[in-house]
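To keep things clear, I will list the structure first and then write my remarks on it.
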2 protein chains.
Amino acid sequence: MAGVSISTVSRVINNSKPVQDDLRKRVLDVMEQTKFRPNTIAQNLAKNESNLIGVMLPEVKNTVLDELIHGINHVSRIYGYNTMLSLTGGTLENELHYFNLFRGIQADGIILASDNLKGELIELIELSGIPCILVGRDAHSASIPSVHVDNITAAYEAVTYLIQQGHRRIAMIRARSGDVASGDHRFEGYRMALAEAGIPLARDWIVESGITVEDGIEAMRKIRESRSMPTALFCATDRIAIGAMHDLMENGLRIPDDVSVVGFDGIDMSAMIRPKLSTVKYSASEIGMTAARNLIKRIRGGEVSPRHWCVSHYLETRDSVRSI
Amino acid sequence: MAGVSISTVSRVINNSKPVQDDLRKRVLDVMEQTKFRPNTIAQNLAKNESNLIGVMLPEVKNTVLDELIHGINHVSRIYGYNTMLSLTGGTLENELHYFNLFRGIQADGIILASDNLKGELIELIELSGIPCILVGRDAHSASIPSVHVDNITAAYEAVTYLIQQGHRRIAMIRARSGDVASGDHRFEGYRMALAEAGIPLARDWIVESGITVEDGIEAMRKIRESRSMPTALFCATDRIAIGAMHDLMENGLRIPDDVSVVGFDGIDMSAMIRPKLSTVKYSASEIGMTAARNLIKRIRGGEVSPRHWCVSHYLETRDSVRSI
DNA sequence: CTGAAAGCGCTAACAC
DNA sequence: GTGTTAGCGCTTTCAG
């Protein structure tokens, strides 16, 4: 329509080479008038890059993840990348599926939160050659960089705080083993703190659970039904803690008078419930930003050796713990 | 590697035409051993379709949206579609941007929650010819089908309930006008209920606010500082309600003794806070499933005339309202 | 049933 | 500066 060659059109679209003003104008006019948009997919195919970063998360049920995503989006945008998100539900099958989907649309890099970084998934990632970065959990495999809070230390500090407040009968509702961050590592911190204080682990007071509010309710019920009650409870996530508090209060126990509770994550609701929940806080958006920044560095051929970054954390003490 | 032509490989990948067993096996073996995956993007380019549904949401800060997404994913998967999500922050600029991004990767259809369905955006959508469906809010424009709860009626019922409990001094924290669902429509329901009961609107008791917990705190403060206090409060979202309750309790007011509160959405936290929040509930996953189902029908050339679907709602009465 | 060849919409040398 | 041409990785006629 503009009476020019395809290449010229391509050049004005990409500003890749100089084009005479009148030709450029003719092209632009036609584009405007036909509302033409270049087909990204074909561009990507031809260029073998997409300026697209894929994000794979198991779910988005708490505010922390929204912050994480915003952190990622923020720096991605600055560097000219778009992001696209998919929810995997945490299953290996879905993770493989979505990884291939991202691969298919030529994603330049992928940020993922997964507990299945081994076997098939890790093979696929390495084979694909797509730069990846793990968020939220410490990497099993050294081949993939990661950004996360120091879950072990943070949990250790939270439980140590409880011990300092005079508690020795401390239960923990942990996430399932296999759930790296909130399961294994936060439990490890709990174990270390108790060990250091010479407190033996009490089987009845360690219950494995999902990470949702409902799971917390269920898990708390199990602890209540055990032979004796703890005076304090450390929960792997705030949602678990909120569920547990719900169960306790429904059953006539007072917080923190009867049992003290500490959570992990610092979701916004932790400050809204009563009593306000003491919890381990950290900046999820910082995780997102750091991840995006370093992923992009790798995409652009920066450092290759995988590193692991920790963002800072602190215990926000509120009203759910008493000293005895 | 398998000693066959490209076409044959394509045929075994797609099962599009019969291939002799031994050839098929040779191809499959090589695919397995090289971990070969077809390049989706090139497939799409050649086929001019992607089996991809784009989802555009402003944010994912509450459990309702997680449910919504899962609803969408669930039925999409059944029909062989993949989904990809992008967070727009609710700004027109981002919505245009991501829409074009989805268009670029040849998304077959798009599910979106937007309050900017007019002017540029609607033009772009119509021009692109991509089937779209709106979730969460009633469509301005008749040209785009939508799935949502009947916000006006639901809000009307919630406020009418308050009136039945003997309240006449009823405040509302509404979302901003322009925010179709939680702003305009839920306010309209409030207005109708009061009008029907012959209660005049009190300017001081209607405050416009964002939809987050923090916004709720801020808005409640404004109401507290007005000349006189209401006995009841209707909030456009549960998060607002939770923030408002926080502010009230921080300032020594009791719920429901001093003021009754009703929320909207039925997020999981509404049952966790104390007192438990009475709120309008509905199934977000049903919205997601209905949207996906009908979008796919449109993609496949089913009915063209846009329709609007409502999912059912009900008022879950809990402990945050007293009768006077 | 199988291979050769054209083409999806675009970019990137390569000539002029 | 601009047009021509060869792909990007795949699907789909079209012959055989």
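By convention in this document, chain letters (A, B, ...) are assigned in the order of the sequence lines, proteins followed by strands, and residues within each chain are numbered from 1.
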**OP:** With the side chain of A:Pro18 defined as its heavy atoms from C-beta on, choose the nearest nucleotide among D:dG3, D:dC14, D:dG1.
**Re:** D:dG1
Original post:
Are the side chains of A:Asn14 and A:Gln43 in touch, meaning some heavy atoms are under 4.5 Å apart?
Top reply: yes
Original post:
Has the side chain of B:Ser7 got a donor or acceptor atom sitting under 3.5 Å from an opposite partner on the base of C:dA4?
Top reply: yes
Original post:
So, does the side chain of A:Arg24 form a donor-acceptor pair with the base of D:dG1 at under 3.5 Å?
Top reply: no
Original post:
Hey, does A:Leu23 reach any base, or is it just sugar-phosphate, or nothing, if we go heavy atoms under 4.0 Å?
Top reply: sugar-phosphate
**OP:** Would you kindly compare B:Val19 and B:Leu45 by the position of their nearest DNA chain C nucleotide and give the one closer to the 5′ end?
**Re:** B:Val19
Original post:
If you measure from CD1 on A:Ile105 to CD1 on B:Ile105, what distance do you get to the nearest 0.5 Å?
Top reply: 4.5 Å
Original post:
Of the candidate nucleotides D:dG9, D:dG7, C:dT2, which contains the atom at the shortest distance from the side chain of B:Gln20?
Top reply: C:dT2
Subject >> Approximate separation, where rounding is to 0.5 Å, of A:Cys132 SG and A:Phe102 CZ >> reply: 10.5 Å
Subject >> Whole-Å gap separating C1' (D:dT4) and NZ (A:Lys17) >> reply: 13 Å
Subject >> Side-chain donor/acceptor contact of B:Ser10 with base of D:dT12 under 3.5 Å >> reply: no
Original post:
Roughly how many Å is it from CD1 in A:Ile6 to P in D:dA6, rounded to a whole number?
Top reply: 13 Å
Original post:
To the nearest angstrom, how far is A:Arg26 atom CZ from D:dG1 atom C1'?
Top reply: 13 Å
**OP:** Check B:Arg300, B:Arg293, B:Arg298 against B:Ile296 for a side-chain contact (heavy atoms from CB on, under 4.5 Å) and give me the one that passes.
**Re:** B:Arg300
Original post:
So what does A:Asn48 touch, heavy atoms closer than 4.0 Å: a base, only the sugar-phosphate, or nothing?
Top reply: nothing
Subject >> Minimum-distance nucleotide to A:Ser5 side chain [options: D:dT11, D:dT4, C:dG3] >> reply: D:dT4
Original post:
Using a cut-off of 4.0 Å on non-hydrogen atoms, how would the nucleic acid contact of A:Asn44 be classed: base, sugar-phosphate, or nothing?
Top reply: nothing
